[in-house]
Amino acid sequence: AAANPESAANPEAAANPESDGRPRDVVAAAVIDRDRVLLAQRAHPAALAGKWELPGGRVEAGETHAQALVREIREELGAEVEAGDGIGTPVALPNGLTLHAYRARLRSGTPAALEHLEMRWFTAAELRALDAEDVVPADRGWIPDLCRALEET
Ligand code: CDP
């Protein structure tokens with residue numbers, strides 16, 4: 001994260017390339033609609049299956065974070081979103097990737113779990129009621145940030 005300090009707040013930030021040229025950034029979307037945020041339950045790998053996450057995935061070479069976010073949500077949920085500001089602090093993943101979360105707003109389509117086991121809209125109260133064990137480890141620290149974002153609107 002130190003090499004790319006702007007990316008947390010700026011969805012237009014360029015990806016942070018690894019020595020092999022492949023970006024090492026992962027983007028995740030906090031799709032917010034009124035007082036709810038969308039979480040999706042991972043289907044794989046086995047260790048994470050059934051746990052809730054902000055949907056997203058790896059940034060491809062040449063993509064901005066915002067472009068990657070829009071593509072991932074199209075692929076995973078079949079909906080069009082617009083990327084907004086960063087939310088929470090970027091998280092270093094055990095595999096050397098860095099995970100960045102951004103707010104996102106639905107532009108068209110109805111999100112559906114195309115690659116996840118399930119998706120669900122959560123209010124702040126419902127987020128707080130979630131057992132931490134049921135959230136993927138990297139995303140757990142963002143729950144308070146998500147609650148604040150939902151309650152400020
Ligand atoms: O589909 P793609 O391979 O691009 O991405 P992914 O497998 O969904 O995510 C890449 C990495 O980020 C994996 O290690 C995921 O576990 C992690 N990730 C996460 O920890 N939290 C998220 N909200 C999204 C991805």
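All values below were derived from every heavy atom in this structure, side-chain atoms included, with hydrogens, water molecules and symmetry-related copies excluded. Ligands are counted one by one from 1 in listed order, and the atoms in each one are counted from 1 as well. All of these numbers come straight from a predicted model, not from anything done at the bench.
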What atoms of ligand 1 come closer than 4.0 angstrom to any heavy atom of [X]?
| X | value |
| --- | --- |
| A138 | 20 (O) |
| L54 | 22 (C), 23 (N), 24 (C) |
| G56 | 8 (O) |
| A28 | 23 (N) |
| N95 | 14 (O) |
| E72 | 4 (O) |

Worksheet item: Taking distance alone, with no angle check, do W142 and ligand 1 share an N/O pair under 3.5 Å?
Response: no

Practice prompt. Return a yes/no value for D139: is any of its N or O atoms, backbone included, closer than 3.5 angstrom to an N or O of ligand 1?
Written response: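 So ligand 1 has an N or O lying under 3.5 Å from an N or O of D139.
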
May I ask you to say whether [X] pairs ionically with [Y], meaning some side-chain N is under 4.0 Å from a carboxylate O?
| X | Y | result |
| --- | --- | --- |
| E152 | R148 | no |
| E151 | R128 | yes |
| R105 | E82 | no |
| E72 | R74 | no |
| R22 | E63 | no |

Starting from [atom], what is the nearest protein heavy atom, named by residue and atom, and what distance separates them?
| atom | answer |
| --- | --- |
| atom 4 (O) of ligand 1 | R58 N, 2.7 Å |
| atom 7 (O) of ligand 1 | R42 NH2, 3.5 Å |
| atom 19 (C) of ligand 1 | L99 CD2, 3.6 Å |
| atom 5 (O) of ligand 1 | G57 CA, 3.3 Å |
| atom 22 (C) of ligand 1 | E53 OE1, 3.3 Å |

Worksheet item: Of the listed options (L93, V59, L48, V91), which comes nearest to atom 11 (C) of ligand 1 when hydrogens are ignored and any heavy atom counts?
Response: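 Among L93, V59, L48, V91, the closest heavy atom to atom 11 (C) of ligand 1 belongs to L93.
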
Practice prompt. Report the member of T98, L39, V26 with the shortest heavy-atom distance to atom 10 (C) of ligand 1.
Written response: V26

Practice prompt. Dump the intermediate steps for side-chain contact (heavy atoms from CB on, under 4.5 Å) on E60 and R71, then the final yes or no.
Written response: CA-CA 10 Å; E60 305 285 359; R71 175 184 51 74; 3.3 Å; yes

Fill in: For the student: nearest non-hydrogen atoms of G78 and L114, plus distance
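Here G78 and L114 meet closest at N-CD1, 3.5 Å.
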
Discussion item. Give me the atom names and distance for the closest heavy-atom approach of L117 to R42.
Written reply: CD1-O, 3.4 Å

Worksheet entry | E80, E75, R107 screened by side chain to side chain contact (heavy atoms under 4.5 Å, CB included) with V70, the one that passes |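 Looking at E80, E75, R107, the match for V70 under the side chain to side chain contact (heavy atoms under 4.5 Å, CB included) is E80.
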
Worksheet entry | Aromatic ring pairing W52/F122, orientation class (parallel under 30°, perpendicular over 60°, tilted between) | perpendicular

